[in-house]
Amino acid sequence: MAWSIIFDVAEYRPQELDRKWQQRWADTRAFEPTEDPTRPKFYCLEMFAYPSGHAHVGHVRNYIIGDVMARTRRMRGFNVLHPFGWDAFGLPAENAAIKSGIHPEVSTFGNIEHMKGQLKRLGISYAWDRELATCTPEYYKWNQWLFIRMYERGLAYRRRSTVNWCPVDLTVLANEQVVDGACWRCGTAVVQRDLEQWFLKITHYADQLLQGLDTLTKWPEKVLTMQRNWIGRSEGARVRFPLVGDPVVGPNVGPNFSSAIAAAIEVFTTRIDTIYGATFVLLAPEHPLVETFAAGTADPKAFRAQVTKFRMQDRTARMSGDVEKEGVFTGHYAVNPFTGGQVPVWVANFVLGEYGTGAVMAVPAHDQRDFEFARTYALPIRVVVGPADADAPSAESLTEAVSNDGVIVNSGPWDGLPSDEARTKMTADARTRGIGEGTVQFRLKDWGISRQRYWGTPIPMVYCDKDGVQAVPDDQLPVLLPKVTEFTGRGDSPLAQVPEFVNTTCPRCGGPARRETDTMDTFVDSSWYFDRFTDATNALQAFSPVKAKYWLPVDFYSGGVEHAILHLIYSRFFTRVFRDLGMVDHDEPFTQLLTQGMVLKDGKVMSKSKGNVVDPDQMIQKYGSDALRLYVMFVAPPENEVEWSDAGLEGSFRFLARVWRLVDHWAAAVGEAGPVPADLNDAERAARRKTHDTIRRVTMDIEERQHLNTAVSALMELVNDLYAFSDQTVGGSPGQHAASAVTTAERLETLAVVREAVEALVLMVSPFAPHMAEELWEHLGHQGGLTAAAWPAHDAAAARAAEIVVPVQINGKLRARVTVPSEASEDEVRAKALADPAVLAHIAGKTVKKVIVAQGKLVSVVVS
RNA sequence: GCCGGGGUGGCGAAACUGGCAGACGCAGCGGACUUAAAAUCCGCGGCCUCCCAAAGAGGCGUGUGGGUUCGAUUCCCGCCCCCGGCACCA
């Protein structure tokens, strides 16, 4: 039995390495940085996790991406902050409590414990000292503190509003949380409710949030576009159409119809240039004037029934499909302030109450919606824009609206102007005459943050009969979330059922008062957690501006694209608030954003309910964490969606074992090798060239392109080459004969080249497979671990080849390859190419018209 | 409808600035080692044609039809399909 010989070369046993090095990193506190102004910083962050219980490989992919970036930057001399935390408040824990009776606090911390273990078993290099959970008073105190600062500045305010209410989750949803008219979480159709709500005035920053997008050059175009659409800026004008003599309507002209009684209808339009074609005015069913007009209509009951029908359509039918354009005449007329003509006022089901002024001027000739409406109800159509080089079409000939710009016609003094010029001039004219003004309209709305739920940050406000709404003074923060023991899932806010919480004293008069019983949307928590990481244990401040200045902004941020709007726009908003409070001095929180793709199993997103989750722990048990890490990085670029494959994981394990054998094979011999000498033979030079070319490729792929898959490919190529080199130089590849560890080689040069190659390989594989790399690094005789090691340096001269193979094309077809010295001149390359037998055969009997030499790349011969 | 991103072997993918399409890996096939298997090591591999076969040679090939160019997966124009976002936003 030859067992002893077989085990001369140590077997790759990843599970032992995982344990050993994870322990070592924890013992030496290897990843806990402190501020160091002498070194460049790198703040690497992955979106923190909701502690659902178990992380699957889809979640874990994101953490590995960040870890590769963090570990690489550390070796490249950066002071790296790579923290992790828990988005620990939220509905699922509370819903589970209603079902199972387990208190959210208990389940949440239990889940955190388990998931933290999973991440540690993956060897992610987190600064665990800075770990935070948003459900702790140490964290949410600062949510409350910030809320009060916003309240003081008018950025947090309370108003009664129609809100999106989820009848299943029993809570209000922000506009961003309503997807196709349904709750983003449970999919139930959303209903409308009127409630007193707290809002954050994100619209105050609408223009800044839009303009800031232009500075985000390292964000995916997709996300920038989604945010632009979401903010939805449009330039236009507000114009007032006075109502024609009506006893109900008073003389006061209100700019926004804050009162139900006004003497004019204000519309918002982006096409004031078409106002001579405005032949009627449309009101949203929600418009305040609608109810005012109702009483005066011929049949008020029928009128109101119509309007009610339109309002019901709004949320449900309108979302699900095309709703016929319908309207009802109010019996009233308004004056087109440009033509002076009287136009009828209708209520239309397709006009939105919450956008603009809730009223539009209808220009059927130049707006498709108005066109359809006019045709349905036989309202007049008037063409006021024509093409620049032809006559304008007649209204009768139109089959659809013409919405593009052109030249103004049928518009009195404005005839002949191009549309854009007309818009500017007519807006100015409206302003001069006091009937309107230019304005910018946003689609973005203020952020309603009140939630009628338990498991969230209490809103730190108090209601006093005498003094009204009062903020809780800073020295009484945090307003602690009381321990609710019974979760029924019925009624409004669970906190309203805790008298000792509700009943308090007014901070101003000391008299009896009631606390706000709603909690904050959990997106508040996640809007600034990256700031807190810079100073996670600060008990006196949300974070120190000095520490924040050192670490922020986040240099590299990665997470799922599903947060492209919600989290990423709220965080940009909060950053501006902190800036205006003097806490930070940058505008944008995340310099670079990477949106990682999901991991699918059987073509579907992994989820517990579908029963198709891949548990990283099971994979680690079988193949070790390094193989899992490497596979997930190798399978595709980080942005791509990928299908999970057990076979692929096994392939990555094989590669690591191959690296292990290679290094082990040479380790004993290369210990004696010195620096690489100048006079190498061809094989040695080629191996060295491959080493340095790989350094270049891997460095660029990780740092510049985040193409982590091709970085791994390059390492595989290097390993393949080194196996062949081993075979050539010492006979027999590593692993071919298990006991064939090299003890010496014929040439010292060989050992020096191999040592350089193998060390570079171990260093470069370490971000992907840190446990194995640490062990091999130690095995190669290095002390102090990889945390202290430097990334290999690229030597461009060593990477350059002495000879290169140049393909030769004849009339665009590849016909030959010639080998030339890499520094050969253009003439030499041309001569060599034209002398090649295969080339001669193809040009025989033909005329060479042209020879193009692309230096170092290719020769192209044109013949006829 | 508008905006953004895509379409490359059996599969995941690569091709950096217009220059050898398919690197690297998975699955597959062949060889070495072994009594045998596993593991390991080495090799083959887009499609088609010529050839008994091999070697070799040639043709076609990056969704599709054009264009620019000595040369196009890459640039331009038209079309088809897929994914994501927004969607009666005046």
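Chain identifiers are assigned alphabetically (A, B, ...) following the order of the sequence lines, protein sequences preceding nucleic acid strands; residue numbering begins at 1 within each chain.
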A:Lys325 to A:Phe373, cation-pi by 6.0 Å centre distance and 45° axis angle = no
query = What is the distance from CH2 of A:Trp346 to C1' of B:A90, rounded to the nearest Å?
reply = 19 Å
task = State plainly whether the residues A:Asp405 and A:Arg271 are in salt-bridge range, i.e. N to O under 4.0 Å.
result = yes
query = Step by step, would you call A:Arg240 with A:Glu437 a salt bridge (Lys or Arg N to Asp or Glu O under 4.0 Å)?
reply = CA-CA 9 Å; A:Arg240 287 174 283 280; A:Glu437 54 278 315; 3.3 Å; yes
query = Are A:Arg658 and B:C41 close enough that a side-chain N or O sits under 4.0 Å from OP1 or OP2?
reply = yes
query = For A:Tyr723, is the NZ or CZ atom of A:Arg658 found under 6.0 angstrom from the centre of its six-membered ring and inside 45 degrees of the ring axis?
reply = yes
message = Can you measure A:Arg228 atom CZ to B:C86 atom C1' for me and round it to whole angstrom units?
response = 14 Å
query = Counting just side-chain N and O atoms, does A:Thr710 come under 4.0 Å of either OP1 or OP2 of B:A13?
reply = no
message = Just N and O in the side chain of A:Asn720: are any of them under 4.0 Å from OP1 or OP2 of B:G25?
response = yes
ask   = Counting only side-chain N and O atoms of A:Tyr355, is one of them less than 4.0 Å from OP1 or OP2 of B:A90?
value = yes
key: B:G85 OP1/OP2 closer than 4.0 Å to side-chain N/O of A:Lys222   = no
ask   = Rounding to a whole Å, what distance do you find between A:Phe371:CZ and B:A90:P?
value = 20 Å
Spacing of A:Leu708 atom CG and A:Arg61 atom CZ [to the nearest 0.5 Å] = 9.5 Å
message = Rounded to whole Å, please give me the gap between CZ in A:Phe653 and P in B:U40.
response = 9 Å
task = Specify the separation, in whole Å, of atom CG of A:Leu814 and atom P of B:C20.
result = 9 Å
task = Grab the CG-C1' distance between A:Leu858 and B:G19 for me, whole Å please.
result = 5 Å
ask   = Think A:Arg443 has a side-chain N or O under 4.0 angstrom from the OP1 or OP2 of B:A87?
value = yes
inquiry  = Below the 4.0 Å mark, does B:C26 have OP1 or OP2 next to a side-chain nitrogen or oxygen of A:Arg654?
reply    = yes
message = If you compare every side-chain N and O of A:His842 against the phosphate oxygens of B:G58 (OP1, OP2), does one of them come in below 4.0 Å?
response = yes
message = Tell me whether the side-chain N/O atoms of A:Asn811 come closer than 4.0 Å to OP1 or OP2 in B:C70.
response = no
inquiry  = Regarding A:Asp701, tell me which of base, sugar-phosphate or nothing describes its non-hydrogen contacts under 4.0 Å with the strands shown.
reply    = nothing
inquiry  = Suppose we define a pair by two distances each less than 3.5 Å, Watson-Crick or G-U wobble; what does B:G25 pair with here?
reply    = B:C11
inquiry  = Side-chain N or O of A:Arg815 versus OP1/OP2 of B:G59: is the shortest distance under 4.0 Å?
reply    = yes
task = Would you mind reading off the distance between A:Asp367 atom CG and B:A90 atom P, rounded to a whole angstrom?
result = 10 Å
query = Between A:Arg661 and B:C41, is there a side-chain N or O to OP1/OP2 distance below 4.0 Å?
reply = yes
Atom pair distance, as rounded to whole Å: NZ in A:Lys813 and C1' in B:A72 = 13 Å
